[in-house]
Amino acid sequence: MLGLLQVEGDEPVPITARRQQVVLVLLLLNSNRVVSLESLFEAIWGSAPPATARAQVQICVSALRRALLRCGLGERIQVRGGGYAIEVDQGELDLHRYEDLVVRGRSELAAKRPAAARAAFREALALWRGEPLDGIDSGVVRAHQVRISERRVEVLEDCVQAELQLGLHNEVVGEISAMVTEHPLRERLVGQLMTALYRCGRRAEALAVYRVVRQRFVDELGLEPGPSVNQLHQDILTGSLTGHGDAERPEPAMPWSSAGVPVPRMLPARVPYFTGHAELLAALQRRLVGDHGPHTELVTVLTGRGGVGKSTVANEIANTLAAEFPDGQLYARMAVGEEQAGNVSNILKQFLCALGFSASEVPAAMEDRAARYRSAIAGRRVLTVIDDVVDEAQVRPLIPGTPTCRLVMTTRARTAALLGTAVFELDVLGTGDGVELLAAMIGRQRVRAEPREAGELVGLCGGLPLALEGAAARLVARPHRTIGDLVALLRDERHRLDQLNGQGVDVRATLLRGYRTAPPVARALFARLGMLEPGGFGAWVAARLMELDAASATDALESLVDARLVDVESGTGGSTRYRLHELARIFARERLFAEFPSQDDADAGRRTFGTWPRREDEARSATGHGG
């Protein structure tokens, strides 16, 4: 994939038809995961697939299956759910081998082994045969091409950093110069070129590079270069930049404190369109930088339904407060589907390497890794962010043992918050905040031109930030389409979740993840709740739908509440009532049709049960009977 598309089994497989190429590439980019038919339609035909799109995709898949079988690669493409998935083993894709080598190189760089890091990076870069997926004609694929190419530049920067640490400035100065010509606004590259030129005895050229780059920044961006490049310029002017052993400048992969202790900076970049949450951010700031006494709450929990923006808020506050934690910021995301103990153990190893331990110094047992981790950060000011925690057992080994450190975790599971921790609940956005977020993503001019449609779009997304991101991605990718055009498509509930997918956003997958965590009885109940019309309902409705006793029905409902598929609201007289979020209701109806394969049966169930909960509630209210 790192060049012209090539498939090789017992013999090379020519894949020359455009549609087959697009289908295969999209499946490979999502290997071992389901790609929906709608995603394939969009990749091949954009926003206007023909009426025969499904049949044409089926023909493409059949042709690909025959080609893969013919060259000895076996039955790789499977039908799953509403789409297809291709089965790929680890190391079969050059893209996967490349990514594995990059991870190894960065681990070696963090462990202060630049020679091993350089070897891994150069082996990874040698896999490239040109532009990734060169010649594939698809807007969706082009977005992936840009992402993969951007990451290659980052890997080149890391590789050059290792080579500068090894004193190989003469060998790399030409390559860096060409890279800066291609990417003149990448400050890390500029600093590396200045450093290499200076170490080669070409001080005047190093200063000239700075002058040219500074003028470009001022002319094109109206900004000065960043502090690291400016400081490097001053060091070269004064002659204070050291020689070959100056491993950490410019912009080291792992900064070091004045005491020689590693200072990890692992936080992801801020979301450029972050808006709102001012009160929540203020409350988090008070919590995280407040008292450091022995009884301080060390753990802060951000919780809420999938797609509500927990990770974005956690990253925003962590970046805002980075200066308050000068000894480092650690970050990890819990991988979905991994065995929990192994997942946490790997994170502890990653953190210990970032804190300066070599791989051989990391204990094998998780309990020993946790103890070494707590010792490493004891007495230091370190902020740790853990994303997507499933339950409290995952996070316990990562809790710091010193009141000077803080841990921020995000979770959708209500049961994952530890007792005695500070818990902050995120909810969906109101119309005003949702329109503000939409304007930040697609531009205020487009929102001002269609304010009513923008408000309706927020409503159709249920105020869910993730859904708004999916909608915004579609609008940005199609500047010729209006907000009203998208709103008209979203009004059709049957295709709304499909229209909110794209550019890495998958609302259905987020809902499906919560659905899979619920027990079987709760999943069956959730599908039947798709029969109901919008509005609240009592627990007795669940009992009727499932033919369960009241206690069992309530337990099933509460499991759906824990999975963030059903919301709780206050009823009259202190009674508890439930409600499905707008997108969860649509997803429930999809599950309903999955449970009732005949659409006539499902529609009959909806007609029978759709409105009687409301009528019976009204009757009970009128007669004064609540049971």
Side-chain angles (χ1 to χ4, degrees), residues 1-13 15 20-35 39-40 43 61 64-65 67-69 71-78 80 83-110 116-136 138 140-159 268 332-339 342-343 346-347 349-350 353 359 388 503-504 506 509:
M1 300 174 74
L2 301 177
L4 288 169
L5 180 64
Q6 292 183 5
V7 181
E8 296 181 359
D10 297 337
E11 59 185 34
V13 184
I15 307 293
Q20 291 181 29
Q21 288 181 333
V22 173
V23 169
L24 180 59
V25 165
L26 204 59
L27 292 175
L28 290 173
L29 287 168
N30 297 276
S31 55
N32 303 312
R33 298 195 302 270
V34 176
V35 178
S39 297
L40 293 171
V61 170
L64 288 171
R65 282 174 168 158
L68 296 177
L69 276 170
C71 73
L73 290 176
E75 279 280 0
R76 294 302 186 99
I77 303 177
Q78 308 295 330
R80 294 184 188 170
Y84 297 96
I86 190 168
E87 296 177 353
V88 175
D89 292 334
Q90 187 64 29
E92 285 192 298
L93 285 185
D94 59 354
L95 179 60
H96 289 174
R97 293 201 300 274
Y98 166 75
E99 291 171 343
D100 288 343
L101 287 166
V102 169
V103 170
R104 186 201 307 173
R106 286 173 173 163
S107 177
E108 298 288 0
L109 199 57
R118 181 196 185 221
F121 288 138
R122 284 299 172 188
E123 185 179 351
L125 293 167
L127 294 172
W128 285 67
R129 297 172 288 103
E131 291 300 314
L133 303 169
D134 196 11
I136 306 297
S138 166
V140 172
V141 174
R142 276 193 293 276
H144 288 282
Q145 291 171 324
V146 171
R147 173 180 58 83
I148 297 169
S149 297
E150 173 69 17
R151 289 182 178 177
R152 179 176 183 268
V153 179
E154 295 171 359
V155 174
L156 280 165
E157 290 175 338
D158 289 340
C159 184
R333 178 184 293 275
M334 291 291 179
V336 177
E338 282 193 20
E339 191 274 323
N343 190 9
N346 290 336
I347 289 174
K349 180 179 180 180
Q350 179 186 4
C353 289
D388 274 350
Q503 298 295 318
D506 192 338

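Every value quoted in this text rests on a predicted model; they were computed, and no experiment measured them.
At least one side-chain heavy atom of Phe121 sits less than 4.5 Å from a side-chain heavy atom of Asp158. Counting heavy atoms from C-beta on, the side chains of Ser149 and Pro132 come closer than 4.5 Å. In this structure, Arg129 and Asp94 have side chains that are in contact, with non-hydrogen atoms separated by less than 4.5 Å. Leu133 has its side chain out of reach of Leu4: every pair of non-hydrogen atoms, C-beta onward, lies at least 4.5 Å apart. Glu154 is listed as a side-chain neighbour of Arg106, based on a closest heavy-atom distance under 4.5 Å. The closest side-chain heavy-atom distance from Ile148 to Leu29 is below 4.5 Å. Taking the side chain as every heavy atom from C-beta outward, Leu69 and Leu73 never approach each other to under 4.5 Å. No side-chain heavy atom of Val34 sits under 4.5 Å from any side-chain heavy atom of Tyr84.
When atom types are taken as modelled, the side chain of Asn32 and the backbone of Val88 share a donor-acceptor pair closer than 3.5 angstrom. Listed for the Glu8 side chain is no donor-acceptor partner under 3.5 Å among the backbone atoms of Val13. Side-chain N or O atoms of Arg33 include none that pairs as donor or acceptor with a backbone N or O of Ala85 at under 3.5 Å. Between the side chain of Gln6 and the main chain of Gly3, no donor-acceptor pair closer than 3.5 Å is present. With hydrogens and angles disregarded, a donor-acceptor distance shorter than 3.5 Å links the side chain of Ser138 to the backbone of Ala43. A donor-acceptor pair is defined here as one N or O able to donate and one able to accept, closer than 3.5 Å; such a pair exists between the side chain of Asn30 and the backbone of Leu26.
One distance of note links SG of Cys159 with CZ of Arg152; it measures 10.5 Å at 0.5 Å rounding. Separation of atoms CG (Leu64) and CD (Gln20) is listed at 5.0 Å; rounding is to 0.5 Å. Here the CH2-CG distance, from Trp128 to Leu156, works out to 8.5 Å after rounding to the nearest 0.5 Å. Taking OH from Tyr98 and CE from Met1, the interatomic distance works out to 13.0 Å, rounded to the nearest 0.5 Å. Distance CG/Leu2 to CG/Leu127: 6.5 Å, rounded to 0.5 Å. Taken from SG in Cys353 to CG in Leu109, the straight-line distance is 12.0 Å, to the nearest 0.5 Å.
Under the salt bridge (Lys or Arg N to Asp or Glu O under 4.0 Å) criterion, Glu123 pairs with no residue at all, not counting sequence neighbours.
A salt bridge is defined here as a Lys NZ or Arg NE, NH1 or NH2 lying under 4.0 Å from an Asp or Glu carboxylate O, and Glu87 with Arg80 meets this definition. Salt-bridge check for Glu92 with Arg76: passed, with a basic side-chain N closer than 4.0 Å to an acidic carboxylate O.
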Please report the C-alpha distance between Val22 and Leu40 in whole Å, then the side-chain angles of each, then the deciding distance to 0.1 Å, and finally whether the side chain to side chain contact (heavy atoms under 4.5 Å, CB included) criterion is met. CA-CA 8 Å; Val22 173; Leu40 293 171; over 6 Å; no
Verify side chain to side chain contact (heavy atoms under 4.5 Å, CB included) between Glu75 and Leu68, making sure each step is shown before the conclusion. CA-CA 7 Å; Glu75 279 280 0; Leu68 296 177; over 6 Å; no
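Nearest approach of Glu11 to Cys71, heavy atoms of both residues: O-CB, 3.6 Å. The shortest non-hydrogen separation linking Leu101 to Ala120 is O-CB, 3.7 Å. Minimum interatomic distance between Gln145 and Asp134 (heavy atoms only, all atoms of both residues): NE2-N, 4.1 Å. Considering every non-hydrogen atom in both Gln21 and Gly135, the closest pair reads OE1-O, 4.5 Å.
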